[in-house]
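Data block below; observations after.
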Protein chains: 2
Amino acid sequence: MNNRADNIPKAPAIGVNVKRQRLEQKMSLDKLADASGVSKAMLSQIESAKVNPTIATMWKIAHALKVDFNLLLKGKGDRVRKFEINRHEDLTTLDADEEGVHINVLSPITMAEDLELYILTFQPGSILTSSPHYPDTEEFLTVLEGNIEVSAGKNVTVLKKNDVLIYQCDVNHSIKNLSPKESKVYLVVRFAKKK
Amino acid sequence: MNNRADNIPKAPAIGVNVKRQRLEQKMSLDKLADASGVSKAMLSQIESAKVNPTIATMWKIAHALKVDFNLLLKGKGDRVRKFEINRHEDLTTLDADEEGVHINVLSPITMAEDLELYILTFQPGSILTSSPHYPDTEEFLTVLEGNIEVSAGKNVTVLKKNDVLIYQCDVNHSIKNLSPKESKVYLVVRFAKKK
DNA sequence: CCTTTTTGTTTGATATAGTAAACAATGTTT
DNA sequence: AAACATTGTTTACTATATCAAACAAAAAGG
């Protein structure tokens with residue numbers, strides 16, 4: 001087995017991705033050019049895959065489009081891995097001290113690494129308050145159902161279904177259900193790298 | 001607030017990353033050049049940040065180094081993201097090649113972290129297949145709604161609501177909706193931490 | 001209908017990414 | 001030591017990414 005430049009690696013299809021993103025945001029080439037600092041001509045050629053753009057150029061474009069860089073390179077997803085099943089009935093569920101808040105711990109005992117996954121269920125009017133966690137701990141909150149008010153430190157915002165909030169939780173923070181119905185939240189907690 | 005090409009986006013420091021990766025694997029420039037198809041001269045200039053490489057070139061290099069593309073772009077970055085709201089309407093959604101599969105990308109906007117979040121929606125009978133990706137990347141799949149059959153390599157299992165599956169990305173795999181109704185899945189992807 | 005504006009594409013010129021080969025260092029041999 | 005690899009850098013050249021401006025094609029007025 002040689003390792004000559006044998007198998008042509010691959011060629012990401014950035015052009016279509018840029019175009020899709022741009023149109024999704026209803027921007028013209030002019031507008032994108034103005035916002036990104038990349039010439040309209042370049043953008044046109046990139047979208048029609050006539051050229052092979054530079055990292056710096058793509059970076060500017062991604063920034064102007066306010067999308068993640070890799071998103072422009074993908075076009076397809078990648079999903080797959082090992083295989084460890086954790087049935088709902090095997091997962092620990094617990095009720096918070098507060099009334100009407102139900103916590104479903106998704107992260108299995110076996111992993112307990114730097115990631116924790118939860119699904120929180122809030123009855124109408126219920127609220128969950130948390131004291132600061134370890135520094136540099138981040139929470140990624142996704143509203144699955146209902147309306148939620150989140151406050152962390154002096155920041156406050158109201159989120160509706162499918163909104164995502166990323167915040168550092170080394171301050172006092174609370175999550176409140178504003179909806180007259182049950183609200184549900186998916187919560188990913190990422191602890192700072194230890195060691 | 002203008003949106004002229006005001007704030008200089010940023011410039012990723014790919015050079016040092018390439019060099020670090022290369023040295024970590026104890027490769028010479030010659031060897032890398034041979035494996036990637038990129039000239040030794042280019043590699044030298046890239047590592048010393050004398051040039052501004054092309055996406056295609058970097059892609060070849062990433063492939064030859066067997067590392068994820070974004071890994072080479074990281075290192076810099078906007079660490080501070082205390083309170084970042086991503087509204088549903090601002091999030092990128094994309095449909096897979098397969099029929100009836102809808103992907104909602106929750107994580108983008110600023111960052112090339114090591115975490116990616118998705119909500120996948122499957123119409124009845126729809127299926128999403130993915131090809132393998134880089135090792136040591138883990139996925140955490142939570143069934144929000146419906147019934148899902150996941151197969152990864154020789155493993156197959158059926159998941160119901162609130163079940164969690166963890167796997168690593170090595171093999172082809174697919175996610176299929178078994179329910180006569182729409183099924184929904186929350187997906188957390190964590191990329192390997194380099195050391 | 002005939003202007004304007006707004007869209008995306010295509011020129012001509014230039015800067016620079018990319019290559020191959022020569023170079024200058026180091027290290028290995030005998 | 002001389003002779004030879006092996007490293008990374010720099011030259012001399014070619015290919016092409018990028019730009020500003022001209023261009024074409026609609027869309028929008030008027």
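Throughout, a chain's letter reflects where its sequence line sits, starting with A, and its residues are numbered from 1. All values reported here derive from a predicted model rather than from experimental measurement.
The line from CG of B/Asn147 to NZ of B/Lys160 is 8.5 Å long, rounded to the nearest 0.5 Å. Here A/Thr57 contributes atom OG1 and A/Ile46 contributes atom CD1; the two are 6.0 Å apart, rounded to the nearest 0.5 Å. The line from NZ of A/Lys60 to OG1 of A/Thr54 is 9.0 Å long, rounded to the nearest 0.5 Å. Between atom CD1 of residue A/Ile148 and atom CG of residue A/Asp163 there is a gap of 11.0 Å, rounded to the nearest 0.5 Å.
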Problem set entry | Structure string for DNA chain D in dot-bracket form, Watson-Crick and G-U at under 3.5 Å, | interchain | ||||||.|||||||||||||||..||||||
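The distance between atom CD1 of A/Ile46 and atom C1' of C/dT9, rounded to the nearest whole Å, is 14 Å. Rounded to whole Å, the distance from CG on B/Leu43 to P on C/dA17 is 14 Å. With rounding to whole Å, A/Ile55 atom CD1 is found 16 Å from D/dT18 atom C1'. A/Lys31 has its NZ atom 9 Å from the P atom of C/dT7, to the nearest Å. Atom CG in B/Asp34 sits about 13 Å away from atom P in C/dT19, given to the nearest Å. Between the NZ atom of A/Lys50 and the C1' atom of D/dT16 there is a distance of 10 Å, given to the nearest Å. Between A/Leu32 atom CG and C/dT7 atom P the separation is 12 Å, expressed in whole Å.
No side-chain heavy atom of B/Thr121 sits less than 4.5 Å from a side-chain heavy atom of B/Glu145. Side-chain contact between A/Ile119 and B/Tyr186: absent, with no pair of heavy atoms (C-beta onward) separated by less than 4.5 Å. B/Ile127 places none of its side-chain heavy atoms less than 4.5 Å from the side chain of B/Val101. Within the 4.5 Å cutoff, the side chain of A/Asn177 has no heavy atoms near those of the A/Gln123 side chain. Side-chain atoms of B/Ile175 and B/Leu141, non-hydrogen and from C-beta on, do get closer than 4.5 Å to each other. At least one side-chain heavy atom of A/Val18 sits under 4.5 Å from a side-chain heavy atom of A/Met58. Between A/Leu144 and B/Lys184, every side-chain heavy-atom pair lies at or beyond the 4.5 Å cut-off.
Backbone-only contact: A/Thr54 has heavy atoms under 4.0 Å from sugar-phosphate atoms and none from a base.
OP1 or OP2 of C/dG18 has at least one side-chain nitrogen or oxygen of B/Thr57 nearer than 4.0 Å.
Listed candidates were C/dT19, C/dA17, D/dT18. Nearest to the side chain of B/Val38 is C/dT19.
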Atom pairs, N/O to N/O, protein against nucleotides 24-28 of chain D, distance under 3.5 Å?
none

N/O-N/O pairs, protein side and nucleotides 8-12 of chain D side, under 3.5 Å:
from	atom 1	to	atom 2	distance (Å)
D/dG8	OP1	B/Arg22	NH1	2.9
D/dG8	OP2	B/Leu29	N	2.9
D/dG8	O6	B/Lys40	NZ	3.2
D/dT9	OP2	B/Ser44	OG	2.8

